There are 2 protein chains.
Amino acid sequence: MADLARELGVSMTTVSRALSDHHSIGAATKQRVLKLAKKLNYQPNHMAAALRRGQSRLLGVVVPYIEGKFFPSVIQGIEQAASKAGFSVIVCQSHEDVQLERRNVETLLNAQVAGVLVSLARNTQEFHHFDKVRGRGIPLVFFDRIPAGEQVNSVVLDDHAGALQATSHLLAQGCRRVAHLAGPQHLNIYRHRRQGYLDALAAFGIAPDEALIDYSDMTTEDGAAAMRRLLALPNPVDGVFGAGDSAILGALQALKAQGISIPRDVALAGFSNEGFTAITEPRLTSVDQRCEEMGEAAVRLFLELAAAPHAPFAQRQVVLQPELFVRESSLQGQA
Amino acid sequence: MADLARELGVSMTTVSRALSDHHSIGAATKQRVLKLAKKLNYQPNHMAAALRRGQSRLLGVVVPYIEGKFFPSVIQGIEQAASKAGFSVIVCQSHEDVQLERRNVETLLNAQVAGVLVSLARNTQEFHHFDKVRGRGIPLVFFDRIPAGEQVNSVVLDDHAGALQATSHLLAQGCRRVAHLAGPQHLNIYRHRRQGYLDALAAFGIAPDEALIDYSDMTTEDGAAAMRRLLALPNPVDGVFGAGDSAILGALQALKAQGISIPRDVALAGFSNEGFTAITEPRLTSVDQRCEEMGEAAVRLFLELAAAPHAPFAQRQVVLQPELFVRESSLQGQA
DNA sequence: CAACTACTCACAAACGTTTGCAGATAGCCT
DNA sequence: AGGCTATCTGCAAACGTTTGTGAGTAGTTG
């Protein structure tokens, strides 16, 4: 930058201001500076700028993991929106571990990120490690998996609506004994999906039966085990709504292993619209989560928070509407 | 840091040196500093440090995309190794677009990364955008998809060996007319896989037939189309080795659509060991790519380069050995 | 003509570290 | 005692920006 200033016979101040389009620099000067900057291939040192203003153009993201479809897609949305706003994204995985989540947050703070976007680890039940973030006045946005019982800025899917829709669909297809593969209930998403399931039953005038709800960590193996248990019940089930696609995949495999026809004997519907839902046989009905939109929304929210100088106490919430993708695993018509 | 110094009645110099374990600081002083630092919850400002020494603790990664299994797993490996060495990772996607890849590299340089790890976009055939990285003396490591005909630091899978192994396996199972679904040949990985296929044929004394090699972008749809074409040939194929799992999935679907038995009539083997290979029916034989190892190796290489002050011209190469996962899609025994 | 506005620019002090150099203390040898 | 080394510590100058303050010039107004 000093070179630029010397070459043009102006001060560094002017150069700096010209580059950042400050109002107090003449249009002519700006042009000259910009042109020379390009010519000399000037590369601004973001660190110095960040140091000076105490804020970088980095956006920190913490997710439980990046396999499957959901988180990569969300990150995709985040990156897109972020780069549009001139931010770079730095991604950390908590591997479903609070401990690591804490470390990740530290790392991000040390990297002087301008904002932090988080989707909680499965076993995070305590949220003090985020106080530091707020304490430094850094915008904090949760998405998908958000802290229970806390007022936070968040972007979530309307899990309740998705579950309601999926379950209603099964019931509309004629199912009468619909089971539910439920996830850990301390996570908002799984709690809401369960409630959606229950409310759908209620809407159809069917009494809920706790024996038909299976709680697990929702792995494929969990789903298969649950299905086997459900099949052993005296009163047969004729439909299963799973709070995750992996579990439903397990159920599918268990059913096929016993030669039970899908969807004729048992209809299936899952949640997440994972890639593999389109390659199982039959293909799986599932609730799509608007992944990219969620990422974009999270960034938008961050930008708003960053713009409002030390925002008020009011925390903002964004709720996205899911969409049910109906496939053969739940279509009674073509058993 | 000033607080620490004042509190302890020493200079900032001492504090800085104590924290970075400099040899000229007494053990007692170090202890005192460290203890107070913990007590006051001192958070070093990495930006300032980075600015001063012209180097951050950030590692930049550019990948084509982060869906599927391969890249997330590699990133996983990178993160693990990097965080062990005290580095944070910042991930960018090129979306298979040189243009974006170029921008990503710029972004990373502006973020003052300490190193750059790259897997090329599909259409990158020209590599000048990496000159800047080298120009600044920043370690540059390519992995998996590396520049053709350039001397670079790289970590790759032995794709040739993997393809050789997979094809040999098909031949050993009794296949005699084995087709190959090939990817874009300007990418090292696909070129090597094709060569491995050819060499396996040669080893079994089978003459290659260009009509049995299908070139495409390896999507599921491409694979299905290729399979349909192969089935229409006068002389039937009895095995297919695909340079990617998605394409083989397409082939699988096309075969089943025509009621052809797998592996009895046609055996299949793919590449990447994607997650879905275990849920198709029959499950798909595939070559595993040692994803995490690749990430770790890339970071190790980076660290070595960073340690060697302005390394010599010799570029280092790391080659990992793949592993064939045999599943039902290629086991003639249990047709 | 004086006073005011609008515009343009430069000085220099930050931001929070690291580090070359030099100063200080103590112990040891001759 | 003097000189040496070894060990420890502080001063102050960097690193490359941003920005508050103030000064200068021109144009406009009363």
Side-chain angles (χ1 to χ4, degrees), chain A residues 1-34 36-37 40-58 86 88 106-107 109-114 132 136-138 306 309, chain B residues 1-34 36-37 40-58 86 88 106 109-114 136-138 306 309:
Chain A
M1 203 159 95
D3 295 352
L4 290 188
R6 197 173 340 98
E7 192 96 1
L8 290 165
V10 299
S11 78
M12 278 174 41
T13 307
T14 305
V15 175
S16 169
R17 293 208 166 118
L19 291 174
S20 53
D21 203 33
H22 192 280
H23 69 89
S24 76
I25 297 294
T29 315
K30 274 183 196 161
Q31 282 314 311
R32 288 201 308 144
V33 173
L34 255 53
L36 187 63
L40 295 193
N41 189 27
Y42 162 73
Q43 296 288 21
N45 183 327
H46 285 196
M47 303 235 110
L51 172 60
R52 176 56 226 252
R53 52 196 343 196
Q55 227 223 47
S56 73
R57 299 294 273 180
L58 286 176
S88 299
E106 286 295 326
T107 303
L109 285 180
N110 283 347
Q112 311 288 123
V113 294
K132 260 183 228 168
R136 289 215 208 164
I138 294 175
Chain B
M1 203 158 95
D3 295 353
L4 290 189
R6 198 175 334 102
E7 192 96 0
L8 290 165
V10 298
S11 77
M12 275 173 44
T13 306
T14 305
V15 175
S16 169
R17 293 203 168 121
L19 291 174
S20 53
D21 202 33
H22 191 279
H23 68 89
S24 74
I25 297 295
T29 316
K30 273 182 196 162
Q31 282 314 310
R32 288 202 308 144
V33 173
L34 256 52
L36 187 61
L40 295 194
N41 189 27
Y42 162 73
Q43 297 289 17
N45 183 328
H46 285 195
M47 303 236 109
L51 172 62
R52 176 57 226 251
R53 52 198 339 199
Q55 229 224 46
S56 74
R57 300 295 274 180
L58 285 177
S88 299
E106 286 294 327
L109 285 179
N110 283 347
Q112 311 289 122
V113 293
R136 290 214 208 165
I138 296 175

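All values below were derived from every heavy atom in this structure, side-chain atoms included, with hydrogens, water molecules and symmetry-related copies excluded. All values derive from a computational prediction rather than experimental measurement. Naming: A, B, ... by sequence-line order, numbering from 1 per chain.
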- Message: Can you give me the closest heavy-atom contact between B:A18 and B:L34, atom names plus distance?
- Response: O-CD1, 4.0 Å
- Minimal non-hydrogen separation, B:L19 against B:A37, with atom names: CD2-CB, 4.3 Å
- Task: Heavy atoms only: give me the nearest A:M1-A:S16 pair and the separation to one decimal.
- Result: CE-CB, 3.8 Å
- Message: Enumerate the salt bridge (charged side-chain N to carboxylate O under 4.0 Å, His left out) contacts for residues 7-24 of chain B, please, sequence neighbours excluded, ordered by first and then second residue.
- Response: B:D21-B:K30
- Please list, chain by chain and in numerical order, all residues satisfying side chain to side chain donor-acceptor pair (under 3.5 Å) with A:S11, sequence neighbours excluded. A:T14
- Item | Contacts of type side chain to side chain donor-acceptor pair (under 3.5 Å), residue A:N41, not counting sequence neighbours | none
- Task: Go through the side-chain N and O atoms of A:H22 and A:S24 and say whether any donor and acceptor fall under 3.5 Å apart.
- Result: yes
- Message: What range of DNA chain C does chain A touch, first nucleotide to last, counting atoms under 4.0 Å from its heavy atoms?
- Response: C:dT8 to C:dG16
- Describe the nucleic acid contact of B:Q112 in one word from base, sugar-phosphate, nothing, applying a heavy-atom distance below 4.0 Å. nothing
- Message: If I compare all heavy atoms of B:A114 with all of B:I138, which pair ends up nearest, and what's the gap?
- Response: O-CG2, 3.5 Å
- Item | Closest non-hydrogen atom pair between A:L109 and A:R136, with its separation | O-NH1, 3.6 Å
- So which of residues 11-28 of chain A are in contact with DNA chain C, with a heavy-atom cut-off of under 4.0 Å? A:S11, A:T13, A:T14, A:R17, A:H23, A:S24, A:I25, A:G26
- Note on the structure: Within residues 44-57 of chain B, those residues having any heavy atom closer than 4.0 Å to DNA chain D are B:L51, B:R52
- Note on the structure: Output for pair (A:H46 NE2, A:Q112 CD), nearest 0.5 Å, gives 15.5 Å
